[in-house]
Structures are given as C-alpha cells and as structure tokens.
**Q** 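My questions all concern the structure below.
For clarity, every value in this text was computed on a predicted model and none was experimentally measured. First listed ligand is number 1; within each ligand, the first listed atom is number 1.
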Amino acid sequence: MIRNSPAAHAIRLLGDRWSFLVIRDAFLGRTRFDDFVHTTGAPRSTLTKRLNALTERGVLARQPYQAHPPRDDYVLTPMGEDLYDFAVSVWHWEITHGPKTAGTTVPDRLRHRLCGQAFDPVTVCLDCGAPVLPREVAYRVEAEQIADADAALNDGSPQRRSRPPGPGQVPGDPSMLQAAELIGDQWTPLLVSALLLGIRRYDEFQKELKAATNILADRLRLLVEAGVVRRIAYQDHPVRYEYRLTRKGRDLYPVIMALHRWGERWLVPDAAVGLHHHCTDTPLATATVCSYCRHPLKRGDVTFKVSVPVR
Ligand SMILES: [Zn+2]
Ligand SMILES: [Zn+2]
C-alpha cells in the first residue's frame, strides 16, 4: 500500500509547507529563527512549532549561540543532512519547472564540482546502475503490516493540514510555492507516487490511498492546475477521466525516490512495502547521482548561486 510506504512515512513527518521550506533553507545554510521567518514567510508562532517538531523528530538540533537572552541555531542532524538528495532534487525541479521569479532564495543553477557540469539529479539502481524509470519499478507488500497510516492522515494530528494557500496568499519567497504546495502536503505526493506506479483512475486512487473523496478531488484538481497531471477522458457515457503525469510530474520522481530512501533509512527500516527494479528480485536500492559523471551527489560537491544571500 502506498500509504504505508517509506515515502509516505517521510511525507507524514515532513508533510507540511513550513517544515518543507525550513528543510530547504537549512540546506542553503540558514540556521537562525529570524532567517527562517524571512525566507519562508511563516508566521512566527507557526515557525516556532515547526522548528520544535523538527527538533523533536531528530531532523534538526538546537545549538545555543547566545546566552542573554538565550538564542539557538537550528542545525541539521545526521538524519536531517541525509535529506540532501531530497533538497537537491527539489531545487532542480524548481529550477526546471517552477515560476521564474526575481529575488528568489532558491538556487538558480546547480553545478557539480567533480565534473564541473550543470547537471540533472538522476535516480539510479545500485544493482544494475541504470537510471530508474517509473515504469520499470513495481512495488510489493512484503508482509501484512498494519501501520496506522489512516489515523495519522485523517485525524487531528499536528501535521494535518487543510488545502494549501494559493499563490499570492503566502508571504515570503514566491519561487517555492509550487514545490511547497505539491510536496509540502500529505496527499499530493502520495497521489504523485500512485501515478508514478501506474495508477490512473479515481476509484483506484481511492482504493490505494483511502482518501476522502473531497480531499482526493481537491488534490487532483490542484495537480491538474499546477500542470503536473493531465486529465484524459477514457469513456463518453457517462464521461470518465483518467489521470496521467506530465513531464513536469514525472520529473518529481527523484524527489519521491529520495523521500522513499530516507524513509527506509530513518523511519521504517522494516517497511512492509518494497520497491523492485526489473533487473533483480531483491528490493530496489537507489542513489541520486550526477547526470554527467554518475557520482552520487554530496553536499560539498554541489555549488549553486542564490540571489538572496545568507546573512
Ligand atoms: Zn536495476
Ligand atoms: Zn558530475
């Protein structure tokens, strides 16, 4: 089940617009509360809650930098640092597909230091070395496992969120609105995961995701509006539609795969849901690599420029 997959666990942990933006900005070198306020546009009280939650969950750690009054830097822990593939994939997607806006805090170009090239992040299979294409990956339920995903998604847990605000409704950096809306939400990335696995029809989404109909309809509409998904009529009387990812949607694959990997490593090492590449019968193991030299992307090896400097 997609909703019990490692990626789904990762999405539930990070699945919030503000947490998502905090992670992005932490990788751009930001550590201070006021910097996060400035770059994410989050209300201060909301940001406090998100920083506390990310700290409790082990993604960030506090480091005091001032005693009177007490002030902390928020720095990525090893668990947080391990989201680097995710951050790079999101930046790249934004550079490729996001709105082109001046004054952005998102890097405007990524270059790989090892080969000197402006690269694409590519997800490769560690068994056969080939780039992993969505259609070559199957998922299997390895064992019956009752993860209480429904409760986490549907109850009043702090990570639950209503429909994200539209462009223009959120202060701060406009450049990441699309990615934050698409990924900083619990349902849309699960829908994208389902689409990547070849699920196309409304009743199949319902069966897989167990989403309420209004949530499902709302998120599908959002994905169509964002140009991530297109709707195609497959039946006339009555008219019925199926949904397919556009190029922009398929390009979210490295983002979802990075979340899947991170979820496997840190949240559900014994996940009942496994991905399998067509090359082997063992569970799929992947890495995000540079499209030119095929070396795994490491934080110190990727250079970028940002228009809004770190203080
Ligand atoms: Zn393979
Ligand atoms: Zn390279």
Side-chain angles (χ1 to χ4, degrees), residues 1-2 4-10 23-24 27-29 76 81-98 106-143 179 189 192-199 245 247 249-266 268-306:
M1 302 289 270
I2 291 165
N4 287 346
S5 70
H9 283 267
I23 298 292
R24 174 202 70 177
F27 278 108
L28 294 174
L76 292 159
E81 289 273 356
D82 200 33
L83 281 162
Y84 186 63
D85 287 351
F86 166 73
V88 170
S89 303
V90 168
W91 291 338
H92 183 263
W93 188 84
E94 272 298 323
I95 292 166
T96 312
H97 296 290
V106 177
D108 52 16
R109 190 193 60 173
L110 301 176
R111 203 171 275 282
H112 197 214
R113 220 190 282 272
L114 297 187
C115 62
Q117 300 291 329
F119 64 94
D120 296 340
V122 177
T123 303
V124 294
C125 168
L126 290 179
D127 272 310
C128 67
V132 176
L133 302 174
R135 65 171 177 272
E136 295 169 350
V137 173
Y139 77 106
R140 282 183 214 155
V141 179
E142 308 288 354
V192 171
S193 306
L195 286 152
L196 284 165
L197 289 165
I199 295 170
L245 289 168
R247 167 84 197 277
R250 288 194 301 277
D251 281 355
L252 282 168
Y253 199 51
V255 177
I256 301 284
M257 290 304 284
L259 283 177
H260 181 89
R261 256 195 323 269
W262 187 76
E264 273 185 334
R265 279 198 292 261
W266 295 95
V268 277
D270 302 318
V273 182
L275 296 177
H276 290 263
H277 201 218
H278 66 138
C279 69
T280 165
D281 210 37
T282 55
L284 171 65
T286 62
T288 305
V289 302
C290 165
S291 54
Y292 281 89
C293 67
R294 295 294 164 114
H295 281 91
L297 297 173
K298 298 215 176 70
R299 191 171 179 185
D301 295 338
V302 175
T303 61
F304 55 79
K305 288 193 306 189
V306 273

**Q** H112: which N/O/S atom is nearest the Zn ion (ligand 2)?
**A**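 Going by distance to the Zn ion (ligand 2), the closest N, O or S atom in H112 is ND1.
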**Q** Heavy-atom distance under 4.5 Å between the side chains of F27 and L83, does that happen here?
**A**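 A side-chain contact under 4.5 Å exists here.
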**Q** Using only N, O or S atoms, tell me which atom of H277 is closest to the Zn ion (ligand 1).
**A**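 H277's closest N, O or S atom to the Zn ion (ligand 1) is named ND1.
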**Q** So, C115 and the Zn ion (ligand 2): N/O/S under 2.8 Å, yes or no?
**A**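 Yes - counting backbone and side chain alike, C115 has an N, O or S atom under 2.8 Å.
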**Q** For a quick check under 3.5 Å, do D251 and H97 share a side-chain donor-acceptor pair by atom type?
**A**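 Per modelled atom types, D251 and H97 side chains form a pair under 3.5 Å.
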**Q** State whether a side-chain donor-acceptor pair under 3.5 Å links T123 with R261.
**A**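 Short answer, no.
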**Q** Short question: side chain of R111, backbone of T303 - any donor-acceptor pair under 3.5 Å?
**A**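 Pair absent, no side-chain N/O of R111 close to backbone of T303.
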**Q** For the Zn ion (ligand 1), decide whether C125 has an N, O or S atom at a distance under 2.8 Å.
**A**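 So C125 does bind the Zn ion (ligand 1) by this criterion.
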**Q** Kindly state whether the ring of F86 and the ring of W262 have centres lying under 6.0 angstrom apart.
**A**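 Not under 6.0 Å, so no.
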**Q** Just to confirm my numbers, could you give the angle made at the Zn ion (ligand 2) by SG of C293 and SG of C290, rounded to 10°?
**A**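 It rounds to 110°.
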